[in-house]
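Note sheet for the following structure.
Counting from 1, the numbers follow the sequence of the chain as shown.
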Amino acid sequence: KDVQKEREPHVYLSKEEVKEKIQSYNSSVTDKLKMTLNTNGIYTGFIKVQMELCRPITVQSSQSQGRCAHSNNETAFYLPDGCVNTLHISSTNTVREVIEALLKKFFVADNPAKFALYKRCHKEDQVYTCKLSDREHPLYLRLVAGPRTEMLSFVLREHETGEVMWEAFSIPELQNFLRILDKEENEQLQILKKRYAAYRDKLEEALGGVWKPG
């Protein structure tokens, strides 16, 4: 169960503190995704982002896979659940830049303003989630939390329905979404029809047995 958590205040670290934290971080890394401190004080490293998208995304047709609906050179399709992407970023990269980099990596044509980056923390058998502001720096959060994803992980989601900027969607995107919804509605309708047809057959069979002449 996700629980919204208040944002923690940003603590500014000195160059020496950053150096010590990076050394500690790298000594705990188990997947070789270490951080590197440059002479100018900027450090680089890796973050993993889990994609939890409920609505279809729009990509170039040549890059699409799976269930989709076509419109000219673009395709709308659902990204597989649990997809995780690894990004190499710097300490200066903001949340907005990370979202843009993720969409570019997946060849997503949608407006970045439709998406939000969340941090997910585990504490005392609870899962806390917090939507990050566009100006926050994910690599700093990763450094402070350490490399263990159970302590901190990142999740990409759409904005909540009430926050969606529908005007940011193009006409072809909206038409693709409607086609996908129509297809899913028809699939569910066929499933219901088969279920009730089987139920009807069993009832008729039972009634036939009851009224069968002895």
Check: [Y] main-chain N/O paired with [X] side-chain donor or acceptor under 3.5 Å:
X: Thr149; Y: Leu152; result: no
X: Glu17; Y: Ser14; result: yes
X: Arg142; Y: Gly146; result: yes
X: Glu136; Y: Ser133; result: yes
X: Lys15; Y: Asn40; result: no
X: Gln188; Y: Glu185; result: no

Exercise: identify the closest heavy-atom pair between [X] and [Y]:
X: Lys131; Y: Ala116; answer: CD-CB, 3.5 Å
X: Ser90; Y: Thr44; answer: CB-CG2, 3.9 Å
X: Ile42; Y: Ser91; answer: CG2-OG, 3.5 Å
X: Tyr25; Y: Phe46; answer: OH-O, 4.3 Å

Inset, instruction - Answer yes when Glu52 and Arg120 have at least one side-chain N-carboxylate O distance shorter than 4.0 Å, and no when they do not. - result: yes
Would [X] end up clustered with [Y] when hydrophobic side chains under 4.5 Å apart are linked, directly or stepwise?
X: Leu37; Y: Val144; value: yes
X: Leu87; Y: Leu33; value: no
X: Ile89; Y: Val108; value: yes
X: Leu13; Y: Leu139; value: yes

Side-chain touch [X]/[Y], heavy atoms, less than 4.5 angstrom:
X: Ser153; Y: Lys119; result: no
X: Val49; Y: Val84; result: no
X: Leu53; Y: Phe115; result: yes
X: Val98; Y: Ile47; result: yes
X: Lys19; Y: Ile22; result: no
X: Asn85; Y: Leu156; result: no

Legend entry - All ring-ring contact (aromatic ring centres under 6.0 Å, His included) counterparts of Tyr43, not counting sequence neighbours: none
Inset, instruction - Check the pair Cys54, Glu158 against side-chain contact (heavy atoms from CB on, under 4.5 Å), reporting the backbone distance first and the verdict last. - result: CA-CA 7 Å; Cys54 300; Glu158 300 97 342; 4.1 Å; yes
Inset, instruction - Among Asn93, Val95, Thr94, find the one that has a side-chain contact (heavy atoms from CB on, under 4.5 Å) with His137. - result: Thr94
Legend entry - Residue pairs fulfilling salt bridge (Lys or Arg N to Asp or Glu O under 4.0 Å) with at least one residue in residues 29-50, sequence neighbours excluded: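 As it turns out, the salt bridge (Lys or Arg N to Asp or Glu O under 4.0 Å) pairs with a partner in residues 29-50, which skip direct neighbours, are Asp31-Lys48.
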Legend entry - Interatomic distance, Leu192 atom CG to Glu187 atom CD [nearest 0.5 angstrom]: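 Rounded to the nearest 0.5 Å, the CG-CD separation comes out at 12.5 Å.
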Inset, instruction - Report the distance from atom NZ of Lys193 to atom OH of Tyr196, rounding to the nearest 0.5 Å. - result: 13.0 Å
Legend entry - Residue list, side chain to side chain donor-acceptor pair (under 3.5 Å) with Asn26, at least two apart or on another chain: none
